[in-house]
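Notes follow the structure.
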Amino acid sequence: MVGQVLESHKITFHEDELPPEGLSHNRALHIIVQFKDKFIARVLIDGGSNLNICPLTTLQRLGKGLHEIRMGSMNVKVFDRSQRATIGEINLDLQMGPTCFDVEFQVLDISATYNLLLGQPWIYAAGAVASTLHQAVKF
């Protein structure tokens, strides 16, 4: 099941929005977004991340070249607590549900289980509320 993206003036989550297995699941929240004419699955919403991350392999699949990355010199602590240098930054226009967002990503040459990671910078800028329990994002 892939999470939903909904737009509302009042953000609430209800029991009837729970996935079929109810409270017993422990899945991370993944959504599908659109970049131009391509759909990107396995986009991880992670409120514990201080960055939006784009693996280099995802960028290449989107047809973006290294020349489009703005150089940067940031070190990032990755999931195994090791530190990696970013390749740089890139902005991608992503459509999520009815809304488009210009999202700044840090580009890393890593092997990841996700295609994009949307962390606190996107969550806060979008005014989004993510619920891993309900497998939904609302803004």
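Computed from a predicted structure; not experimentally measured. Hydrogens, waters and symmetry mates play no part in the numbers below; they use all other heavy atoms, side chains included.
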Legend entry - Atom pair CG (Leu59) and CG (Leu66), whose distance is rounded to the nearest 0.5 Å: 8.0 Å
Inset, instruction - Would you mind reporting whether Val76 and Gln83 have side-chain heavy atoms less than 4.5 Å apart? - result: no
Inset, instruction - Spell out, as yes or no, whether a donor-acceptor pair under 3.5 Å connects the side chain of Lys138 to the backbone of Thr12. - result: yes
Legend entry - Validation row: Val43, His30 side chains within 4.5 angstrom (heavy atoms): no
Inset, instruction - Step by step, work out the side chain to side chain contact (heavy atoms under 4.5 Å, CB included) result for Phe35 and Arg61. - result: CA-CA 11 Å; Phe35 173 75; Arg61 283 195 307 270; over 6 Å; no
Inset, instruction - Without swapping roles, check the side chain of Arg42 against the backbone of Thr113 for a donor-acceptor pair under 3.5 Å. - result: yes
Inset, instruction - Mark yes or no for whether Gln120, through its side chain, and Trp122, through its backbone, hold a donor-acceptor pair below 3.5 Å. - result: no
Inset, instruction - Could you give me the CA-CA distance, side-chain angles and deciding distance for Thr132 and Arg27, then say whether side chain to side chain contact (heavy atoms under 4.5 Å, CB included) is met? - result: CA-CA 7 Å; Thr132 55; Arg27 294 190 311 260; over 6 Å; no
Legend entry - Whether Ser49 side chain and Asp46 backbone form a donor-acceptor pair below 3.5 Å: no
Legend entry - Exam field: side chain Thr58 to backbone Asn115, donor-acceptor pair closer than 3.5 Å: yes
Legend entry - Any donor-acceptor N/O pair, Lys36 side chain to Leu94 backbone, under 3.5 Å: no
Legend entry - hydrophobic_cluster_shared for Val103 and Tyr124, side chain cutoff 4.5 Å: yes
Legend entry - Test item: Asn52 side-chain N/O and Gly119 main-chain N/O as donor-acceptor pair under 3.5 Å: yes
Legend entry - Under 3.5 Å donor-acceptor, His25 side chain and Leu133 backbone: yes
Legend entry - Value rounded to 0.5 Å, distance of CG in Leu118 from CD1 in Ile45: 4.5 Å
Inset, instruction - Report the distance from atom CD of Gln34 to atom CD1 of Ile40, rounding to the nearest 0.5 Å. - result: 9.0 Å
Inset, instruction - Output, in order, the C-alpha distance, side-chain angles, deciding distance and verdict of side chain to side chain contact (heavy atoms under 4.5 Å, CB included) for Glu104 and Arg70. - result: CA-CA 11 Å; Glu104 181 179 85; Arg70 295 183 307 277; 3.1 Å; yes
Inset, instruction - Any chance you could measure Leu108, atom CG, to Ile53, atom CD1, to the nearest 0.5 Å? - result: 4.5 Å
Legend entry - Residue pair Glu68 / Gly63: nearest heavy atoms and the distance that separates them: OE2-O, 4.1 Å
Inset, instruction - Specify the closest pair of heavy atoms between Phe139 and Ala128, including all atoms of both residues, with the distance to one decimal. - result: CB-CA, 3.8 Å
Legend entry - Main-chain N/O of Leu56 paired to Asp109 side chain as donor or acceptor, under 3.5 Å: no
Inset, instruction - Go through the steps for Val33 and Gln95 under the test side chain to side chain contact (heavy atoms under 4.5 Å, CB included), then give the verdict. - result: CA-CA 6 Å; Val33 301; Gln95 183 163 348; over 6 Å; no
Inset, instruction - Verify the neighbour count for atom CG of Asp102: are there more than 12 heavy atoms of other residues, nucleotides or ligands below 6.0 Å? - result: yes
Inset, instruction - Quick one: pull up SG in Cys54 and CG in Asn91 and give me the separation to the nearest 0.5 Å. - result: 11.0 Å
Inset, instruction - State, yes or no, whether a side-chain contact exists between Ile31 and Met96 at a heavy-atom distance under 4.5 Å. - result: yes
Legend entry - Between CG on residue Asn50 and NZ on residue Lys77, distance to nearest 0.5 Å: 11.5 Å
Legend entry - Validation row: Leu116, Phe105 side chains within 4.5 angstrom (heavy atoms): yes
